[in-house]
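Data first, discussion second: the structure below is written as structure tokens.
All values below come from the heavy atoms of this structure, side chains included, with hydrogens, waters and symmetry mates left out. Order of appearance sets the numbers: ligands from 1, and atoms from 1 within every ligand. All figures in this text were calculated on a predicted structure; none of them were measured in a lab.
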Amino acid sequence: MKTPITSYVVKLVSHCNLNCSYCYEYNMGDLTWKSMPKYMSLETVQMLSKRIEFHCLQHNINEIYINLHGGEPLLYGIKRTKLFFETLESVLNGIKIHWGIQTNGLLLNKKWIELFNQYKVHLGLSLDGPAEVNDKYRVDHQGIGSYRKVELAVQQLFSDFGNQIFSGILAVIDIDTHPLSVYHHLKSLNPKAIDFLLPHGNWENLPPGKSTTSLMLPNYANWLIPIFDEWFDNDTGHLQIRLFEEIIEQLAGGPGRLETIGLHPVSLVCIAVNGDIEGVDTLKSIPGEQILRLNISSNNLDDVLVHPKYNIRQKGESVLSDQCRLCDLLTVCGGGYLPHRWSAKNQYCNPSIFCSDLTKLIRHINRKVSYTLHLLEQNNSSYAGAPVRMS
Ligand code: SF4
């Protein structure tokens, strides 16, 4: 039985008003954006609604997640975005849509906030840290840092009722920065959640900070662990850090929700501006790997479920490398995120390029959580404890 699709990343716009140097859309070799329409057309929006409706009916789905991306999705404009919401909501009448949008915030203003409030859209802001951190990579087409403009967006978010829609910050990790300074800064902006993202890279194109001689150095884990410790001791309950929560959930035997870690089958597709169905858009970090040759104009969403490339994300342990299958962290880590496993020789049958980091981080979290549970158990004889799985 195939896992049906319940989450959609929809690319409304193929261009961006920033030119972040690490961006997998534009700066890691993929050029498909150049031949895309600039904006998703109304015809494509209508076709998308019908394809989603059909898929939901076929699989008895009554609740879905749609996350708007670009390029920069606010370049779609308020009128077109409103029409997008209206079209989807009207065709998918009776199906609960959880809306999200991921923006760089540069164009955010009161009118956008009103629209997002109307449709209860969760807004994620992309920001890597304070100005000196953020502006290293998150620059415009003239090479000018974006921090000051994003700061204005954050102020907008806290005006009137904007803070109700501000769901979180997505920050790409730069291991040359001080982790706690970055964490304290992002926390000071009062997000409900922070997503720390590993930069993209694979066995052919190593991520920043990794070289053929330093692959075993867990430098990303070393950056994340001080943040985990502070978050776990002081901030759980009022601030979500999804990577940490996911690892804890997987350690406790839970199903997990992130596609970046764990063995569970994914239920997410990406729809490109021209209606192409892509498995995972971050595969653009390996030019051409995202292409499935499916388009909503001629394919049902069920077609993606049987596509061999999409299937890699459904088969769990059976498609992983021997090293991962024998690893005692397999059920928690799952071999790491798909794009980070790729090599020209073995395709996706490799451990993650961040294996040493995942190993150190998961073991650290396991130790700390287990010790805390042990103390709780000692202090409260009625506490039954929780299982912590490592294999
Ligand atoms: S920790 Fe490394 S070897 Fe173990 S499952 Fe993850 S990527 Fe594979």
Can you tell me if Arg341 and Asn202 form a side-chain donor-acceptor pair at under 3.5 Å?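 Looking only at side-chain atoms, Asn202 and Arg341 do not form any donor-acceptor pair under 3.5 Å.
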
Please tell me whether Asp229 and His364 have a donor and an acceptor in their side chains that are separated by less than 3.5 angstrom.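 Indeed, the side chains of Asp229 and His364 share at least one donor-acceptor pair under 3.5 Å.
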
Taking the inter-plane angle between the rings of Phe244 and Trp231 on a 0 to 90° scale, is it parallel (under 30°), tilted (30 to 60°) or perpendicular (over 60°)?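 Ring orientation, 0 to 90° scale: tilted.
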
Quick one: give me the number of protein N/O/S atoms under 2.8 Å from atom 6 (Fe) of ligand 1.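 That number is 1, waters not included.
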
ILVMFWY cluster membership beyond Tyr337 - transitive side-chain contacts under 4.5 angstrom: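 Reading the cluster by chain and number, Tyr337 sits alongside Val280, Leu283, Ile286, Ile312, Val319, Leu338, Trp342, Tyr348.
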
For Arg80, check salt bridge (Lys or Arg N to Asp or Glu O under 4.0 Å) against everything at least two apart and list the hits.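 So Arg80 forms no salt bridge (Lys or Arg N to Asp or Glu O under 4.0 Å) with any residue.
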
Tell me every residue that passes side-chain hydrogen bond (donor to acceptor under 3.5 Å, both in side chains) with Lys82, counting only those two or more places apart in sequence or in another chain.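 With sequence neighbours excluded, Lys82 shows a side-chain hydrogen bond (donor to acceptor under 3.5 Å, both in side chains) to Glu86, given in chain and number order.
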
